[in-house]
Amino acid sequence: MKINMICLATLSGMVLASAPALAQGDCAAGKTLKDGVLTVATGNPAYFPWVIDNDPASGKGFEAAVAYAIAERMGFAADKVEWTTTSFDQAIQPGPKEFDFNLQQYSITPERDQTIDFSAPYYEAAQAVLVRQPTVDAGATPTAASLKTLQWGLAAGTTAPALIGSLIGPEKDPLLYDDTADAAEALKAGQIDATLMDLPTALYTAAAVLDDGVVLGQFPKGGEAPDAFGLVFEDGSALRDCANEAIAAMAADGTLAKIEAEWLQEATGVPLVE
C-alpha cells in the first residue's frame with residue numbers, strides 16, 4: 001500500500017526549513033502543467049460551504065480559500081491560479097490529468113490511492129446524519145438502533161456506503177445515488193429517510209435545500225467515521241511533496257485553523273450518535 005497518510009503534526013516539523021523555498025516558488029518550478037501557472041480543479045457545481053456561489057476564483061469558501069493559501073505558499077500569486085472543473089469520479093480515474101491538483105472533498109482511501117496520489121490531509125470532517133422533520137416526528141433518534149430501521153440513500157462514489165454498513169448495519173439495503181446532491185433530492189422527495197454527509201454540508205443542506213431538514217446526529221471525530229480530505233494529484237506527481245510542505249506550513253502557523261474557523265465554524269447542538 002503506497003497511501004500517504006502523513007499527519008499534520010509530523011509535517012509541521014518541516015516548516016521552517018521549507019518556508020524560504022516556498023516563498024520563492026522554487027519548490028514548484030517546472031512541475032506544473034503550464035509554466036508559472038497553477039491549474040486547480042474542483043467540481044461543477046461546487047457547493048457551499050466549500051465554494052461560495054460556485055465561483056472558486058473568488059477565494060470564498062473553505063476549499064477555495066485553502067487552494068489559494070496553498071498556491072501562495074508554493075509561490076503562485078492569485079492571478080497565476082487558473083481553475084478548471086471535473087466530475088468527482090473523473091478526477092480519481094487512472095491516467096493523465098488536466099489539472100495540477102483537484103479538491104472537492106476527496107476522502108483519502110487506500111483504494112483510490114492505487115490510481116492517483118493524495119496530499120497530506122487539509123481537513124478532517126465529522127460525518128452527520130441528515131433527515132427530515134417527519135422522520136424525527138416518527139420517532140427517529142441519534143442511536144444506532146434507531147438508525148438501523150431507516151431507509152438510507154447514499155452517494156455511491158463516496159465512503160458513505162461502507163461507513164453506514166460498518167457503523168449502522170441498516171436493515172434495508174441503502175439506495176445508491178451518483179452524488180450527495182442526488183441523495184439530498186431523494187430525501188426531499190421522500191424516497192429515503194436518511195443520508196450521510198460531512199457535517200458542514202449537512203448543516204447547509206438542512207438549512208438551505210430542505211424545507212424541514214434536521215441534522216439528527218454526528219459521528220465523533222477521531223473514530224471510524226471521520227474522513228480525512230486530501231488534494232488529488234496525477235499518480236507520481238512531482239508537485240505533491242511541494243504541496244505537502246505548504247500544508248505543513250499552514251498547519252503549523254494556524255492558517256488552516258483560521259480558514260476552518262471562517263468557513264466551517266463548528267456547529268453546536270448536533271448530538272453524537274450513540
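Count residues from 1 along the sequence. Note that this is a predicted model, so its numbers are computed, not measured.
- The ring pair (Phe, Tyr, Trp, His ring centres under 6.0 Å) check on Tyr106 picks up Phe88, with sequence neighbours excluded.
- Residues satisfying the side-chain contact (heavy atoms from CB on, under 4.5 Å) criterion with Ala202, sequence neighbours excluded, are Ala128, Met197, Val215.
- The closest side-chain heavy-atom distance from Leu176 to Pro161 is below 4.5 Å.
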N/O donor-acceptor pairs under 3.5 Å from side chains in residues 40-49, not counting sequence neighbours:
residue	atom	partner	partner atom	Å
Thr42	OG1	Leu103	O	3.0
Asn44	OD1	Asn54	ND2	3.3

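- Cluster annotation: Val129 is connected to Leu167 through the hydrophobic network of ILVMFWY side chains, with a link wherever side-chain heavy atoms come within less than 4.5 Å.
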Under 3.5 Å, sequence neighbours excluded: what are the donor-acceptor pairs made by side chains of residues 134-143?
residue	atom	partner	partner atom	Å
Asp137	OD1	Gln133	NE2	2.9
Thr141	OG1	Thr143	OG1	3.1
Thr143	OG1	Ser146	N	3.2

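- Partners of Pro170 by side-chain contact (heavy atoms from CB on, under 4.5 Å), not counting sequence neighbours, listed by chain and number: Trp152, Ile164, Ile168, Pro174.
- Note: the hydrophobic cluster containing Tyr123 does not contain Val51 (ILVMFWY, side chain heavy atoms under 4.5 Å, direct or indirect links).
- Ionic pairing of Arg73 and Glu245 is not present here: no N-O contact between side-chain nitrogen and carboxylate oxygen is shorter than 4.0 angstrom.
- For Ala257, the side-chain contact (heavy atoms from CB on, under 4.5 Å) criterion is met by no residue, not counting sequence neighbours.
- Remark: Tyr177 engages no residue in a ring pair (Phe, Tyr, Trp, His ring centres under 6.0 Å) (not counting sequence neighbours).
- Residue pairs satisfying the salt bridge (Lys or Arg N to Asp or Glu O under 4.0 Å) criterion with at least one member in residues 189-218, sequence neighbours excluded, are listed as follows: Arg132-Asp212.
- For Lys188, the side-chain contact (heavy atoms from CB on, under 4.5 Å) criterion is met by Glu185, Leu210, not counting sequence neighbours.
- Taking the salt bridge (charged side-chain N to carboxylate O under 4.0 Å, His left out) definition, one finds that Asp182 meets it with nothing, sequence neighbours left out.
- Annotation: salt bridge (charged side-chain N to carboxylate O under 4.0 Å, His left out) contacts of Glu234 (sequence neighbours excluded): none.
- In this structure, Arg112 has no salt bridge (charged side-chain N to carboxylate O under 4.0 Å, His left out) partners at least two apart in sequence or on a different chain.
- Between atom CG of residue Leu231 and atom CZ of residue Phe118 there is a gap of 10.0 Å, rounded to the nearest 0.5 Å.
- Ile92 and Leu33 fall into different hydrophobic clusters, where Ile, Leu, Val, Met, Phe, Trp and Tyr are joined by side-chain heavy atoms under 4.5 Å apart, directly or via other members.
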